[in-house]
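Quantities reported herein were computed from a predicted structural model and do not represent experimental measurements.
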Amino acid sequence: MISVITGASAGIGAAAAAELSRRGHHLVLVGRDARRLQAVAEALPGPGADVLTCDFGRLDDVRRLASQLRERYERIAVLANNAGVMSPRRHITVDGHELMVQVNHLAPFLLTHSLTDRVERVVTTSSRAGQSGRIDPDDLSRERRRWNGWLQYGDTKQANALFTAALTARGTTATCFHPGVIRTGFAGETWLMRLFLMMPGYAKPPEYGARTLVELAETDKPEPYYAEGKAVPVPRRMADPALAERLWEASLRAVDG
């Protein structure tokens, strides 16, 4: 059973890799840092793992990763789109997109779209922040709207849910989930995350966030969205089929090249 996990060098990705390895999955660990990925691979308790590097801030890197996966694996049981970023400052990638919308949505969109015929199940790490998102398919990088780090992050997490809806409409088994507030280096520059980390017992260890990813990777779940292990309803904007289709078409245009 081949399972691909992006963002696997630390945090939820590394914790999920350990548990899936324990359950017999052969893993493909994807991240930017080969040394850290190799350390995760060497610590896995089960079958061996392959390591592939990719910088989601470069779409050509994502295309290269997709080609490598297609060359090496006939079938992929699970594609876990787990890599993500939150930045309080605006950055534009070499591809001309705002960093968060590229790393959190466009890169996994491109990777998944390139592998749809090989992948049995797609699991995407989203966030409750998507409930406040106001994704505009015609303005993915918020060039014409007020930009704020958390506003942009919420847009990208809403995009994860809409992408899941669009995949499901196309016949792909797909789910996404909110892992909870996890004690990692994620969004460590923001005052909100620092506040969460100071609240006793509020932020959970990576293994807690990885539980839902592992469960969704192991079983066919009928619901599109889960929060901390339970299926939950989402606001209409996170499941609107018309908006999901508009986002799909805008994403295709954004990654064309």
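- Counting heavy atoms of neighbouring residues, nucleotides and ligands inside a 6.0 Å radius, atom CZ of R118 exceeds 12 of them.
- With a 4.5 Å cut-off on side-chain heavy atoms, E120 and T173 do not count as touching.
- Counting non-hydrogen atoms of neighbouring residues, nucleotides and ligands closer than 6.0 angstrom, the CZ atom of R64 exceeds 12 such neighbours.
- For A49, the side chain to side chain contact (heavy atoms under 4.5 Å, CB included) partners two or more places apart in sequence, or in a different chain, are L27, L29, A41, L44.
- No more than 12 heavy atoms of other residues, nucleotides or ligands lie within 6.0 Å of CZ in R35, so this atom counts as exposed by the packing criterion.
- Screening residues 76-85 for side-chain hydrogen bond (donor to acceptor under 3.5 Å, both in side chains) gives N81-T112, N82-T125 as the qualifying pairs, with residues at least two apart or on separate chains.
- Residue D50 holds its CG atom at 3.5 Å from OH of Y73, rounded to the nearest 0.5 Å.
- Residues that satisfy the side-chain hydrogen bond (donor to acceptor under 3.5 Å, both in side chains) test with Q38, not counting sequence neighbours, are absent from this structure.
- Rounding to the nearest 0.5 angstrom, the gap separating the CG atom in L115 from the CG atom in L79 is 6.5 Å.
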What pairs of donor and acceptor atoms, side-chain ones from residues 209-216 against any protein atom, are under 3.5 angstrom apart with sequence neighbours left out?
residue: T212; atom: OG1; partner: G229; partner atom: N; Å: 2.9
residue: E215; atom: OE2; partner: K221; partner atom: NZ; Å: 2.8

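- Under the rule for a side-chain hydrogen bond (donor to acceptor under 3.5 Å, both in side chains), the partners of R121 that lie at least two apart in sequence or sit in another chain are D220.
- Taking every heavy atom of both residues into account, V78 and A217 meet most closely at CG2-O, 3.4 Å.
- Following chains of ILVMFWY side-chain contacts shorter than 4.5 Å, one cannot reach I92 starting from M100, and the two form parts of different hydrophobic clusters.
- Residue pairs that meet the salt bridge (Lys or Arg N to Asp or Glu O under 4.0 Å) test with at least one member in residues 154-180, sequence neighbours left out, are R142-D155, R145-D155, R170-E245.
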Practice task
Check step by step if salt bridge (charged side-chain N to carboxylate O under 4.0 Å, His left out) holds for D61 and R32.
Solution key: CA-CA 10 Å; D61 241 27; R32 290 183 299 169; over 6 Å; no
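- M1 and V4 are assigned to two separate hydrophobic clusters, defined by single-linkage of ILVMFWY side chains at heavy-atom distances under 4.5 Å.
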Handout entry: Stepwise side-chain contact (heavy atoms from CB on, under 4.5 Å) check, H25 with E218
Key = CA-CA 10 Å; H25 290 239; E218 287 259 284; 2.7 Å; yes
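- Put simply, the side chain of Y153 reaches to within 4.5 Å of the side chain of T156, judged on heavy atoms.
- With sequence neighbours left out, the salt bridge (charged side-chain N to carboxylate O under 4.0 Å, His left out) criterion links E98 to no other residue.
- Distance check, rounded to the nearest 0.5 Å: CG of L167 to NE2 of H113 gives 9.0 Å.
- Other residues sharing the hydrophobic cluster of L151, ordered by chain and number and joined by side-chain separations under 4.5 Å: none, the residue standing alone.
- Between F56 atom CZ and D95 atom CG the span is 12.5 Å, to the nearest 0.5 Å.
- Of the possible donor and acceptor atoms, none in the side chain of S132 sits under 3.5 Å from a partner among the backbone N and O of G154.
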Between side-chain atoms of residues 234-241 and protein atoms elsewhere (two or more places apart, or another chain), which donor-acceptor pairs fall under 3.5 Å?
residue: R237; atom: NH2; partner: I135; partner atom: O; Å: 2.7
residue: D240; atom: OD1; partner: A242; partner atom: N; Å: 3.0

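- A heavy-atom distance below 4.5 Å is found between the side chains of V232 and Y225.
- In terms of heavy atoms, C176 sits closest to A161 at SG-CA, 3.8 Å.
- Within the 4.5 Å cutoff, side-chain heavy atoms of L111 are placed close to those of L65.
- To the nearest 0.5 Å, the span separating CG on D33 from CG on D55 amounts to 11.5 Å.
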Side-chain donor-acceptor contacts of residues 246-253 below 3.5 Å, not counting sequence neighbours, with atom names and distances?
residue: R246; atom: NH2; partner: D138; partner atom: OD2; Å: 3.2
residue: S251; atom: OG; partner: H105; partner atom: NE2; Å: 2.7
residue: S251; atom: OG; partner: L247; partner atom: O; Å: 2.7

Problem - Evaluation steps, side-chain contact (heavy atoms from CB on, under 4.5 Å), between R75 and I2 - result: CA-CA 7 Å; R75 297 297 302 167; I2 303 295; over 6 Å; no
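- Judged by distance alone, the side chain of D139 and the main-chain N or O of R144 form a donor-acceptor pair under 3.5 Å.
- G133 and Q158 get closest at one heavy-atom pair: O-NE2, 2.7 Å.
- Residues passing the side-chain hydrogen bond (donor to acceptor under 3.5 Å, both in side chains) test with T93, sequence neighbours excluded: Q102.
- The line from CD1 of I5 to CG of L37 is 11.0 Å long, rounded to the nearest 0.5 Å.
- Not counting sequence neighbours, S127 has no partner by the side-chain hydrogen bond (donor to acceptor under 3.5 Å, both in side chains) test.
- Between A174 and T164, the shortest heavy-atom distance links the atoms O-CG2, 3.5 Å.
- Looking at every heavy atom in both residues, H91 comes nearest to S87 through CD2-OG, 3.4 Å.
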Exercise for the section: Applying side-chain contact (heavy atoms from CB on, under 4.5 Å), run through L52 and L69 and close with a yes or a no. Expected result: CA-CA 9 Å; L52 293 174; L69 291 169; 3.7 Å; yes
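- Two residues are said to be in side-chain contact when any heavy atoms from C-beta on lie closer than 4.5 Å; D117 and R70 meet this criterion.
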Exercise for the section: Could you check T172 against V119 for side-chain contact (heavy atoms from CB on, under 4.5 Å), going step by step and ending with a plain yes or no? Expected result: CA-CA 8 Å; T172 298; V119 172; 5.6 Å; no
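- Note on V94: it does not cluster hydrophobically with V255, by side-chain heavy-atom contacts below 4.5 Å among ILVMFWY residues.
- Nearest heavy-atom pair, A254 versus L140, reported as atom, atom and distance to 0.1 Å: CB-CD1, 4.5 Å.
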